[in-house]
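As a basis for the values below, the full set of heavy atoms in this structure was taken, side chains included, without hydrogen atoms, waters or symmetry mates. Below, chain A is the first sequence line, B the second, and so on; all start at residue 1.
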2 protein chains.
Amino acid sequence: MAKSSSAVEQRRENRREEILRAAQDLFHRQGYANTSLDDIARAVGIKREGLYYYFPNRPEILIAIIKPLGLQLRDRVREIRESDASPEEKMRLTVENHLMRFENRFADSKITLRDDYFSEADIVLAEMQPIWDDYERLWIEIIEEGQQKAVFDKSLEPRIAHLGILGLCNWAARWYKPGESLPVPDLIDMYNRMVLRSLGAGSE
Amino acid sequence: MAKSSSAVEQRRENRREEILRAAQDLFHRQGYANTSLDDIARAVGIKREGLYYYFPNRPEILIAIIKPLGLQLRDRVREIRESDASPEEKMRLTVENHLMRFENRFADSKITLRDDYFSEADIVLAEMQPIWDDYERLWIEIIEEGQQKAVFDKSLEPRIAHLGILGLCNWAARWYKPGESLPVPDLIDMYNRMVLRSLGAGSE
DNA sequence: CATATTTTTTACGCCAGTGTAAAGAAATGG
DNA sequence: CCATTTCTTTACACTGGCGTAAAAAATATG
């Protein structure tokens with residue numbers, strides 16, 4: 001009987017999820033740095049040491065929360081990049097991809113995009129960096145494609161333009177609060193107008 | 001003889017400066033969170049406890065580094081705001097004001113603009129928040145002025161537009177490294193083109 | 001129901017980082 | 001030179017947070 005049953009696995013998975021939900025909420029409200037394992041355990045209703053049964057350490061909890069979203073962001077931009085859409089449309093979709101999760105995945109979007117962990121957890125960085133590197137590459141390719149097709153301003157250095165636009169989008173993770181100011185679709189719309197103009201698109 | 005001499009004061013000030021330089025370098029290289037008082041003391045060549053003679057605690061060291069720059073940024077934008085320049089020119093100067101210090105005040109610019117301290121030091125936030133609030137207000141006023149004079153796109157929500165542009169500029173504190181990619185004046189130039197276009201200016 | 005497995009709690013130990021006070025050393029001023 | 005002031009070091013104490021292992025409790029299984 002070394003093989004545990006489906007029911008036991010389900011129970012384990014439920015607890016893992018419970019821990020991740022609690023951690024996500026806490027990371028969101030008080031930051032990763034200010035969230036201890038004791039905080040998480042208390043929120044779940046177990047003792048701190050019990051968390052080690054499910055996760056090896058605190059950084060791994062963070063990874064379990066942010067990596068899926070990072071992968072989604074990247075994979076979606078890859079699809080966009082490989083599509084037949086025009087460069088403008090691609091950029092539009094890419095910005096939308098970045099910001100749309102603020103609507104119903106606000107907490108993990110915020111945690112992921114703020115990347116506060118950069119100074120704290122080398123293993124988290126090691127895990128996320130390849131994803132963000134891919135992500136960057138894809139954005140740059142979209143910009144380059146637009147420049148090649150004389151749709152975006154050719155005088156812009158593609159990587160630096162990307163980083164500027166990424167900054168514009170990521171900064172929202174700092175200030176955006178659901179229910180205040182603009183609904184997400186309007187935010188996307190407005191930022192897409194700004195972004196496309198900044199790239200010199202739609203200069204009619 | 002309760003009044004110490006100029007020479008004693010000078011000595012004290014020298015040591016304080018020495019500490020701030022060392023701290024700035026460390027904060028820059030490894031982040032505020034990863035810099036202990038021991039690290040700073042070692043870099044200066046004294047014992048950790050000695051630092052308490054000059055500064056009450058670590059957050060106050062950070063404040064001593066970043067507050068002057070925050071005030072400069074704000075005060076300069078206030079001048080710009082109150083000038084007779086056109087809205088476009090004001091925005092140009094404002095972006096320049098934000099980015100120009102990457103040239104010869106890279107370390108403290110980077111530390112200041114990255115605002116990593118937000119999750120760690122309430123007293124730092126308390127000290128800086130009023131400055132950033134003023135700063136934001138001034139940016140927004142410049143945008144509103146441009147919209148009123150039909151130079152910037154009136155459909156943009158001013159604060160959100162400001163936050164997007166701020167994000168674009170601030171993000172540079174994460175990725176910009178002197179000597180790599182663009183020299184600062186070229187970076188300013190390029191970002192100003194992007195920013196002004198994003199606001200709908202210069203749509204000729 | 002007894003046994004095996006899983007989960008949770010208890011019990012420790014460690015340490016990095018901090019802050020305080022007193023003692024000692026160095027600098028200053030008359 | 002000596003008393004005073006300033007600066008640095010020594011000496012402690014504390015605490016938050018973490019990780020490990022064993023014991024106890026809960027659950028699953030035949």
Side-chain angles (χ1 to χ4, degrees), chain A residues 1-23 26-27 29-65 116-117 119-124, chain B residues 1-23 26-27 29-65 116-117 119-124:
Chain A
M1 297 304 170
K3 183 102 166 92
S4 50
S5 74
S6 249
V8 170
E9 279 172 23
Q10 188 61 55
R11 236 178 67 139
R12 184 188 180 83
E13 204 48 46
N14 288 346
R15 182 62 100 189
R16 276 181 61 105
E17 272 304 306
E18 204 175 355
I19 291 165
L20 292 177
R21 287 319 117 221
L26 287 162
F27 293 161
R29 286 199 284 107
Q30 56 195 42
Y32 173 74
N34 282 329
T35 301
S36 67
L37 288 177
D38 255 318
D39 295 335
I40 298 168
R42 212 174 293 123
V44 173
I46 61 175
K47 294 294 186 150
R48 175 180 57 81
E49 294 89 330
L51 295 177
Y52 290 97
Y53 186 73
Y54 297 94
F55 295 96
N57 49 49
R58 191 162 61 97
E60 291 286 346
I61 295 178
L62 179 62
I63 291 170
I65 292 169
D116 295 351
Y117 49 82
S119 62
E120 292 211 40
D122 287 340
I123 72 165
V124 180
Chain B
M1 297 306 169
K3 184 101 168 61
S4 51
S5 73
S6 251
V8 170
E9 278 171 23
Q10 188 59 53
R11 235 177 69 136
R12 183 185 182 84
E13 205 47 45
N14 288 345
R15 180 62 101 187
R16 276 180 63 104
E17 271 306 303
E18 204 175 354
I19 292 165
L20 292 177
R21 286 323 116 220
L26 287 163
F27 292 160
R29 288 198 284 105
Q30 57 194 42
Y32 173 72
N34 284 330
T35 302
S36 67
L37 288 176
D38 256 318
D39 294 334
I40 297 168
R42 213 173 294 122
V44 173
I46 59 175
K47 293 294 184 150
R48 175 179 61 78
E49 294 92 328
L51 294 177
Y52 289 97
Y53 186 74
Y54 298 94
F55 294 96
N57 51 46
R58 194 161 62 94
E60 291 287 347
I61 295 176
L62 179 62
I63 290 170
I65 292 168
D116 297 351
Y117 49 80
S119 60
E120 294 211 35
D122 287 341
I123 73 164
V124 181

Original post:
Reading nucleotides 9-22 of chain C 5' to 3', which nucleotides get B (base under 4.0 Å from a protein heavy atom), which S (sugar-phosphate only), which -?
Top reply: BBB-----SBBB--
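- For E17(B), the side-chain hydrogen bond (donor to acceptor under 3.5 Å, both in side chains) partners two or more places apart in sequence, or in a different chain, are R21(B).
- Side chain of D39(A) to main chain of S36(A): a donor-acceptor pair is present (N/O by atom type, distance under 3.5 Å, no hydrogens or angles).
- Applying the salt bridge (charged side-chain N to carboxylate O under 4.0 Å, His left out) test to R16(B) and every residue at least two apart in sequence or in another chain returns nothing.
- For E13(A), the side-chain hydrogen bond (donor to acceptor under 3.5 Å, both in side chains) criterion is met by no residue, not counting sequence neighbours.
- Closest non-hydrogen pair, I65(A) versus L20(A), comes out as CD1-O, 3.7 Å.
- Cation-pi geometry between R58(A) and Y32(A) is satisfied (NZ or CZ under 6.0 Å from the ring centre, within 45° of the ring normal).
- In this structure, the side-chain contact (heavy atoms from CB on, under 4.5 Å) partners of N57(A), at least two apart in sequence or on a different chain, are P59(A), E60(A), I123(A).
- For the pair Y53(B) OH and dA26(C) C1', the interatomic distance rounds to 12 Å; values are reported in whole Å.
- Residues satisfying the salt bridge (charged side-chain N to carboxylate O under 4.0 Å, His left out) criterion with R12(B), sequence neighbours excluded, are absent altogether.
- Taking atom CD on E9(B) and atom P on dT28(C), their separation rounds to 13 Å, with Å as the unit.
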Subject >> Audit row: R29(B), T35(B), side chain to side chain contact (heavy atoms under 4.5 Å, CB included) steps and yes/no >> reply: CA-CA 9 Å; R29(B) 288 198 284 105; T35(B) 302; over 6 Å; no
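- Over its length, the helix from dC1(C)-dG30(D) to dG30(C)-dC1(D) turns its helix axis by 10°, as judged from the five terminal pairs at each end, rounded to 10°.
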Check: protein-nucleotides 1-3 of chain D nitrogen or oxygen pairs below 3.5 Å:
none

Subject >> Steps toward side chain to side chain contact (heavy atoms under 4.5 Å, CB included) verdict (I40(B), F27(B)) >> reply: CA-CA 9 Å; I40(B) 297 168; F27(B) 292 160; 4.3 Å; yes
**OP:** Report the C-alpha separation of N14(B) and E18(B) in whole Å, then their side-chain angles, then the decisive distance to 0.1 Å, and conclude whether the side chain to side chain donor-acceptor pair (under 3.5 Å) test is met.
**Re:** CA-CA 6 Å; N14(B) 288 345; E18(B) 204 175 354; over 6 Å; no
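- Across residues 10-22 of chain A, R11(A) each have a non-hydrogen atom less than 4.0 Å from an atom of DNA chain D (numbered order).
- Considering only residues two or more places apart in sequence or on other chains, R48(A) meets the side-chain contact (heavy atoms from CB on, under 4.5 Å) condition with L37(A), D38(A), A41(A), Y52(A).
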